[in-house]
Amino acid sequence: MCSTGRYVEIRGGQENALARHAVAALLNASNPDVSYEYSTGDVISAVQDAYASGRYRTAKNMFEEQNEAGCPLN
């Protein structure tokens, strides 16, 4: 199943929104049956950069776009 981040039990925006979408991004990137734009390394790096800079929205938005693009496994 492709993940969209909506099942992670963290509510709120910014940091929490990034956490939800980052979890979904890691699940999607690590699934060999999902064509995902980012590798697991890309996801980890983007999250590290977001936390280091305090700019969560850019990484959250790039993951959100990919996570909600549709799922070939449904």
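Hydrogens, waters and symmetry mates are skipped; everything else that's a heavy atom, side chains included, is used. Bear in mind that the values here come from a model prediction, so they are computed numbers and not experimental data.
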Subject >> Smallest separation among heavy atoms of Ala29 and Val43, with atom names >> reply: CB-CG2, 4.5 Å
Original post:
Which atom pair, heavy atoms only, marks the closest approach of Tyr36 to Asn28?
Top reply: CD1-CB, 3.5 Å
Original post:
Which atom names give the shortest non-hydrogen contact between Ala24 and Asn67, and what distance separates them?
Top reply: CB-ND2, 3.5 Å
Original post:
Taking it one step at a time, do Glu65 and Asn61 satisfy side-chain contact (heavy atoms from CB on, under 4.5 Å)?
Top reply: CA-CA 6 Å; Glu65 181 179 336; Asn61 287 346; over 6 Å; no
Subject >> Minimum-distance pair of heavy atoms, taken over all atoms of Ala46 and Met62 >> reply: CB-CE, 3.7 Å
Original post:
Do Tyr51 and Glu15 pass the side-chain contact (heavy atoms from CB on, under 4.5 Å) test, and can you show the C-alpha distance, the side-chain angles, and the key distance before you say yes or no?
Top reply: CA-CA 8 Å; Tyr51 275 88; Glu15 242 180 300; 3.2 Å; yes
**OP:** Please tell me if the side chains of Glu68 and His21 come closer than 4.5 Å, counting only heavy atoms from C-beta onward.
**Re:** yes
**OP:** List for me each residue that meets side chain to side chain donor-acceptor pair (under 3.5 Å) alongside Tyr56, sequence neighbours excluded, and say none if there are none.
**Re:** none
Subject >> Listed once per pair and sorted, the salt bridge (Lys or Arg N to Asp or Glu O under 4.0 Å) pairs that draw on residues 34-56, sequence neighbours left out >> reply: none
Original post:
Minimum heavy-atom separation for Leu18 to Ala50, with atom names?
Top reply: CD2-CB, 3.6 Å
Subject >> Contacts of type side chain to side chain contact (heavy atoms under 4.5 Å, CB included), residue Thr58, not counting sequence neighbours >> reply: none
